[in-house]
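Here the structure comes first, spelled out in structure tokens, and everything after it is commentary.
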Amino acid sequence: MQYFKPATFEEASALAAGAEGITRFLAGGTDVLVQLRSDLVTPDVLIDIKAIPGTHDITRTEDGGWRLGVAVTGAEMSEHPDLGRDWPGVVEAMDLIGSTQVQGRATPIGNLCNASPAADSVPAMIAAGAVLSVVGPDGARDIPVEEVPAGPGKTTLKKGEIATALTLPPRGAQGGDAYLRFIPRTEMDIAVVGCAINLTVEGEVITSARMALGAVAPTAVVVHAAADALVGRTLDDAALKALTDLAEASCNPIDDKRGTVKFRTHTAGVLARRVAQIAYDRAKGAKA
Amino acid sequence: MALDSSKTTDFKYVGTRPDRPDGLDKVTGRAKFGADATAPGMLFAAIKRSPHAHAKILKIDASKALAMDGVKAVVTRADFAEGLTGETWNVLENVMAGETALYDGHAVAAVAATSALIARDAMKAIEVEYELLPHVTDVDKAMAADAPVIRAGAADASVPEGLHPNVVRYYESGHGDVEAGFAEADLVIEDHFTTEATHQGYIEPHACLGTLGADGKGELWCCTQGHWNVQKLCAAMLGIETSQLRVTASEIGGGFGGKTTIFIEPVALALSRKANRPVKLVMTRAEVFRASGPTSSTSMDVKIGMKSDGTITAAQGTFRLQGGAFPGGPCEMTAMCAFAPYNLTNVHQVGYDVMTNRPKQAAYRAPGSPMAAFAVESVIDELCNQLGLDPFEVRLKNASREGTRASFGPKWPRIGLVETLEAARAHPHYTAPLKEGQGRGISCGFWFNHGGETSVSLAMSEDGSAQIMVGTPDIGGSRASMALMAAEVLGIPYENIRCTIADTSSLGYNEISHGSRVTYASGLATIKAAEAAVEELCRRAAAKWDIPEEAVYWEDGYAKPSGPNAGDHAPLHITELTADMGATGGPINGHFEATPEGAGVSFATHIVDAEVDPETGATKVVRYTVVQDAGKAIHPTYVEGQFQGGAAQGIGWALNEEYIYGEDGRLQNAGFLDYRIPVASDLPFIDTVIVEVPNPGHPFGVRGVGETSICPPLAAIANAVSNAVGVRMRQLPMRPSRVLEALESKDG
Amino acid sequence: MVDVALWSGLRPLVGGQDSIAVEGRTVGQILDSIRRNYPALAPTLDAGVSVVVDGRVIASSLTEPVGENSEVVLMMRLKGG
Amino acid sequence: MSKTHVTAKVNGDAVEFLCDPRETLLDVLRDRLGLTGAKEGCGTGDCGACSVTVDGRLVCSCLMLGVEAEGKEIGTVEGIADGETLHPLQKKFIEYAALQCGICTPGILIAAKSLLEKNPDPTETEVRYWLAGNLCRCTGYDKIIRAVMDTAAEMREAS
């Protein structure tokens with residue numbers, strides 16, 4: 001395994017484009033090192049991107065959104081004074097991953113590019129409408145987060161392309177997001193099911209809604225119909241029932257050691273109700 | 001002069017809570033565990049393991065590995081002794097496969113190289129050709145007529161004819177007439193229960209550093225619960241004399257029974273002999289799960305009859321344990337412990353030890369007992385519920401007491417079950433109100449405890465301090481307990497005593513630290529060794545005073561004259577006797593060797609409150625109380641620690657821990673990510689009550705406490721969850737999906 | 001003679017008796033007598049037994065005394081964790 | 001395979017070492033620098049026994065490569081006492097018997113110290129969740145949590 005620590009994204013991209021065999025980018029390393037240790041993936045080329053300037057920065061964008069450098073960690077997100085006020089669901093989803101120790105290293109972009117169906121931060125980023133910026137041999141482009149994973153362990157990034165930053169849109173007034181996952185313990189598990197919802201309201205009435213589910217299909221599922229079910233209504237029992245049905249209907253999970261099809265489908269509905277209520281309360285002004 | 005310090009009250013040091021002697025080393029990172037040792041010229045080893053559940057080994061080709069730079073030796077089964085029999089053969093066959101790989105993770109070859117990375121790469125370069133054989137990993141399926149035979153002829157004489165060859169041991173006991181008993185009952189409940197295999201989950205993987213020369217002399221450093229056992233087994237497997245192998249026990253990072261046997265030590269020694277260099281071998285966590293010794297999974301049927309006044313009229317249990325690809329699943333322990341808490345006129349229990357294509361089971365804290373308690377105490381709870389009886393009243397009414405006949409045959413000596421039940425019933429926990437969605441469960445639990453071969457040596461220093469050498473690795477603070485007991489006898493402060501775990505060349509034979517035997521047996525030996533030293537101290541005083549030895553007695557660190565011939569002498573302090581001991585007869589030591597046979601059994605009663613999320617089936621333990629008979633708590637804080645640790649392991653077993661095998665016979669969760677032991681945020685504080693019903697077989701009344709604490713939790717939690725959801729939970733672990741299904745079955 | 005109670009799994013090996021009377025003043029002598037007079041039980045003894053004498057579980061010591069009126073029960077050898 | 005030269009500080013002392021890029025920081029600490037206080041319980045970030053701080057941030061040293069330590073300040077259990085004066089957490093862990101076998105203790109001490117530096121007055125729940133990545137199989141966590149809470153109280157009084 002060769003290790004490189006480039007100083008610019010261009011250099012990193014060129015290294016990756018020219019590399020033979022398996023290439024991995026190293027940010028937090030909480031997936032790369034586990035795969036290395038478990039003999040699942042031993043990269044031939046490992047490109048550490050943390051020395052590139054700006055990769056640790058969390059900055060406001062001009063339009064009032066947020067830009068997170070590619071090496072920003074979960075701990076840095078949780079500790080940021082303002083990010084969690086705008087996007088509590090995204091920050092909490094990231095914070096659920098692993099231990100305090102893992103939080104010190106793990107990054108949401110790594111979580112996304114590792115392309116696990118159960119990645120906690122991904123449904124939250126999708127619900128928030130986050131966009132991933134990449135650069136590659138053909139220049140820079142922005143990809144909506146939901147279009148990044150292509151299947152378990154696979155992304156739509158091309159050879160030589162490297163993620164540079166994540167952009168969260170402006171929160172805007174009267175909006176709220178939330179993420180919950182189900183795990184057997186209270187900590188340290190991989191999500192059996194995850195659910196994120198991002199809402200805006202006017203008064204009691206929902207004006208926009210985005211929902212995404214994790215660990216119920218090969219990639220995170222965007223439940224587009226959630227908007228139809230919620231927009232123009234308050235979050236009453238009927239809306240919650242509709243949302244539950246929608247969540248259950250959107251699942252295409254597998255039976256595995258972490259959960260059955262039946263349990264995952266059922267629990268997706270339960271989480272959808274609970275997450276919707278939190279997001280709704282937040283949108284109406286409840287503090288995260 | 002026979003000195004006897006036996007007492008069960010009025011202690012000066014015993015029962016206090018001083019700091020542990022290994023505390024400073026352990027909080028500063030200095031304590032040396034299995035993987036912390038190095039040696040000049042040391043090589044690193046890695047083990048090649050079978051990816052198949054059951055396969056004939058056709059060919060092992062290590063040529064590519066041996067051709068790599070830095071690779072110094074490869075060993076296979078051919079490098080170990082032949083002609084072994086019995087359990088030693090079983091252990092060797094498990095340490096390194098012979099003709100057949102018997103489970104996913106079974107070792108087939110090993111390599112030593114100049115770095116850990118090279119060793120790992122070389123291990124991957126070893127090529128093994130297999131012929132796949134049919135496999136079975138489930139206990140009930142392994143007993144079925146069409147199950148593949150793991151190893152023909154493995155069954156012993158106890159197995160009745162007509163059973164599948166995978167049933168390798170059989171146990172049956174009981175008394176009375178259970179059918180007549182069931183006929184007398186007002187309610188009979190019979191249920192089927194299952195538990196999954198769990199792992200001891202010690203945080204320290206097995207690790208060792210071995211050196212063995214062509215002269216047949218060796219040194220071995222390893223984390224173990226019993227280094228004399230390691231010495232004996234390794235010597236046999238390498239064909240050397242036992243005494244030529246010196247084994248030193250490192251600090252041990254948890255064992256819980258799992259380090260009572262060996263997995264890697266002979267491999268390191270064989271590699272060392274071949275490479276003529278020291279070899280370090282450390283298991284990865286995945287190897288620990290795949291190839292060390294988890295506990296048995298079980299399939300159990302329990303039937304109990306009860307009168308409407310709560311009297312148990314008959315009890316019957318059938319317990320099937322799978323112990324992996326070797327005999328040894330502790331079915332007789334399960335059967336014997338099952339009904340031990342109850343005084344039964346009619347009782348019958350049967351145990352089956354069944355082989356499967358899984359790793360060879362190893363002891364896990366009260367091996368076999370927790371599962372039995374789960375089945376039996378669940379049925380009793382259900383009987384209480386259906387008959388509208390108080391669970392404590394019923395248990396007290398039927399409780400085993402001194403003089404009643406145990407379910408496995410003999411009459412009970414002095415035991416403390418009733419005392420734990422009464423203390424638990426009186427605990428505020430039992431009457432605290434429950435919230436919506438919560439349920440409360442109680443359970444009793446029982447474990448035998450054990451004595452075993454024990455040697456202890458005590459040596460006085462000139463300054464009046466003392467060193468004790470014991471041979472039972474300290475797995476729960478026993479060095480502190482030994483020092484307290486010696487302090488009590490010698491009458492010198494705890495701080496003036498240093499207790500060391502001696503290596504196999506420095507002390508006589510000691511059985512493993514298992515069976516909750518250390519505080520009992522090594523403690524007894526320590527007391528006797530200290531008494532021997534005190535006798536010698538008294539003799540020296542008598543000589544100084546020129547009075548008969550019989551006229552000297554020992555009190556609080558002083559030799560004192562007594563009786564008509566004693567004369568008038570000022571008491572001599574221990575330091576006055578040790579200061580010139582070289583000139584008054586030589587070094588003053590005490591030692592004791594025996595196989596003490598008075599280990600007292602220990603009973604416990606636990607109370608637990610569990611809260612179930614009705615929408616997801618997730619269970620949280622919200623309150624937990626352990627009440628257990630310790631006989632005499634030498635260091636109460638460490639006794640509490642044993643109670644709490646056992647309860648926590650039981651909580652994991654009940655709720656989330658399990659070995660998950662795929663259809664392909666491979667273990668699917670060989671890591672702490674998916675083998676889910678409780679984390680700090682999963683648990684509440686665990687309240688403890690120490691009951692002290694002295695064991696007449698120990699000078700200070702000690703009963704072993706380490707194991708009993710894991711016996712009640714499975715049942716107590718199952719009862720709590722069942723009472724919370726209103727459906728009897730019969731399968732462990734009570735993972736959320738199972739609880740949810742139970743809830744749905746109730747609604748539907 | 002001392003009555004030694006057997007666990008029921010052993011009874012078929014001694015013609016269905018639930019206990020056997022053997023000579024012996026110690027655990028060792030009793031086990032020797034069993035081995036001599038009931039060879040069918042030898043494999044069981046080889047596999048390891050404990051002898052319970054008046055409620056005390058004797059795991060391995062052969063020298064433990066046994067009285068004429070002692071309650072003696074054979075038990076499978078205990079293991080611990 | 002070529003090795004990389006790395007310069008770092010460990011517990012305030014300058015160190016340099018050569019390492020293969022596949023070696024973790026934990027491998028380097030234990031096998032190259034002789035600091036065996038950090039333990040390997042799993043190698044995959046699930047147990048926390050290898051916890052150290054890197055530039056003040058709590059991490060699992062098994063989830064960081066040795067080569068990534070270039071220019072970093074590493075803190076391990078060997079560095080938390082001040083000469084012969086133990087850190088208050090070390091004292092309390094002995095006093096409370098917050099350890100049995102002691103294999104998880106170095107990692108838990110590092111993690112708990114990191115918590116108290118960030119939050120001097122944690123609730124029981126906060127302590128439990130902060131330490132959720134530090135597995136202990138002996139104690140049931142009871143005495144560990146109590147020791148951390150009491151250390152926090154004592155350190156607050158002292159400051």
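Within every chain, numbering begins at 1; the chains are lettered A, B, ... in the order of the sequence lines, protein sequences first and strands thereafter.
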Considering only heavy atoms, which portion of Thr139(D) lies under 4.5 Å from any heavy atom of chain B: side chain, backbone, both, or neither?
-> backbone
Got Gln90(D) and Thr28(B) here, is their nearest side-chain heavy-atom distance under 4.5 Å?
-> yes
Picking from Phe256(B), Phe643(B), Phe685(B), Tyr638(B), which has the most non-hydrogen pairs under 4.5 angstrom with chain D?
-> Phe685(B)
For Glu154(D), the side-chain hydrogen bond (donor to acceptor under 3.5 Å, both in side chains) test, sequence neighbours excluded, returns Lys92(D)
Heavy-atom pairs under 4.5 Å with chain D, option from Gly255(B), Gly201(B), Gly23(B), Gly652(B) with the top count | Gly201(B)
Please look at Leu109(D) and chain B and tell me whether the side chain, the backbone, both or neither of the residue comes under 4.5 angstrom of a heavy atom of that chain.
-> side chain
Arg146(D) and Glu640(B) ion-paired at < 4.0 Å | no
Just by modelled atom types, is the Gly476(B) backbone N or O under 3.5 Å from a matching donor or acceptor in the Gln100(D) side chain?
-> no
Would you say Arg285(B)'s side chain and Gly43(D)'s backbone share a donor-acceptor pair under 3.5 angstrom?
-> no
Hey, is Arg30(D) close enough to Asp36(B) for a salt bridge, meaning N to O under 4.0 Å?
-> yes
Is it the side chain or the backbone of Glu124(D) that comes within 4.5 Å of chain B heavy atoms, both, or neither?
-> side chain
Go through Cys101(D), Gly37(D), Ala97(D), Gly45(D) and name the one with the most non-hydrogen pairs under 4.5 angstrom from chain B.
-> Cys101(D)
Expected list for residues 4-12 of chain D: side-chain donor-acceptor pairs under 3.5 angstrom, two or more places apart:
residue: His5(D); atom: NE2; partner: Glu16(D); partner atom: OE1; Å: 2.6
residue: Asn11(D); atom: OD1; partner: Thr76(D); partner atom: N; Å: 2.8
residue: Asn11(D); atom: ND2; partner: Thr76(D); partner atom: OG1; Å: 2.9

Checked Asp69(B), Ile252(B), Asp25(B) vs chain D; the most non-hydrogen pairs under 4.5 Å come from Ile252(B)
What pair of heavy atoms forms the shortest contact from Cys42(D) to Phe672(B), and how long is it?
-> CB-CD1, 4.0 Å
Provide the closest heavy-atom pair for Leu24(B) versus Ile94(D) in the form atom of the first, atom of the second, distance.
-> N-CD1, 3.7 Å
What closest approach, in Å, do Phe33(B) and Gly102(D) show between heavy atoms, and which atom pair accounts for it?
-> CZ-C, 3.7 Å
Report yes or no: does Arg128(D) contribute a side-chain atom to a donor-acceptor pair with the main-chain N or O of Ala680(B) at less than 3.5 Å?
-> yes
Can you measure from CG (Asp20(D)) to OG (Ser115(B)) and round to the nearest 0.5 angstrom?
-> 7.5 Å
Residues forming a side-chain hydrogen bond (donor to acceptor under 3.5 Å, both in side chains) with Asp22(B), sequence neighbours excluded = Arg20(B), Lys26(B), Arg479(B)
Side chain of Tyr141(D), backbone of Pro678(B): donor and acceptor closer than 3.5 Å?
-> yes
If you take all heavy atoms of Pro205(B) and Glu40(D), which pair is closest and at what distance?
-> CD-O, 3.4 Å
Where on Ala132(D) is there a heavy atom nearer than 4.5 Å to chain B: the side chain, the backbone, both, or neither?
-> both
At a heavy-atom separation under 4.5 Å, does Ala35(B) approach chain D through its side chain, its backbone, both, or neither?
-> both
Closest heavy-atom contact between Ile677(B) and Arg137(D)?
-> CB-NH1, 3.4 Å
What option among Pro106(D), Cys138(D), Ala98(D) has the most heavy-atom pairs under 4.5 Å with chain B?
-> Cys138(D)
To the nearest 0.5 Å, atom CD1 of Ile145(D) lies from atom OG of Ser681(B) at 9.0 Å
Return the option, out of Gln642(B), Arg30(B), Gln200(B), Glu251(B), with the maximum number of heavy-atom pairs under 4.5 Å with chain D.
-> Gln200(B)
May I ask you to list the residues in residues 47-67 of chain D that approach chain B closer than 4.5 angstrom, counting heavy atoms only, ordered by number?
-> Cys47(D), Ala49(D)
For residues Leu135(D) and Ile203(B), report the shortest heavy-atom separation together with the two atoms involved.
-> CB-CD1, 3.7 Å
Looking at Arg17(B), His635(B), Gln649(B), which makes the most heavy-atom pairs under 4.5 Å with chain D?
-> Gln649(B)
Greatest number of non-hydrogen atom pairs under 4.5 angstrom with chain D, of Lys32(B), Met283(B), Glu657(B), falls to Glu657(B)
Side-chain (Arg22(D)) to main-chain (Leu117(B)) donor-acceptor, under 3.5 angstrom = no
Chain B heavy atoms under 4.5 Å from Ile108(D): which part of the residue, side chain, backbone, both or neither?
-> neither
Using non-hydrogen atoms and a 4.5 Å limit, figure out which bit of Thr637(B) sits close to chain D: side chain, backbone, both or neither.
-> both
Toward chain D, the part of Pro684(B) with a non-hydrogen atom under 4.5 Å = backbone
Is the closest side-chain heavy-atom distance between Lys143(D) and Gln644(B) below 4.5 Å?
-> yes
OG1 on Thr688(B) to CG on Asp142(D), rounded to 0.5 Å | 7.5 Å
Report the C-alpha separation of Thr105(D) and Val27(B) in whole Å, then their side-chain angles, then the decisive distance to 0.1 Å, and conclude whether the side-chain contact (heavy atoms from CB on, under 4.5 Å) test is met.
-> CA-CA 6 Å; Thr105(D) 309; Val27(B) 299; 4.2 Å; yes
Step through the shown structure and confirm whether more than 12 heavy atoms of other residues, nucleotides or ligands are within 6.0 Å of NZ on Lys72(D).
-> no
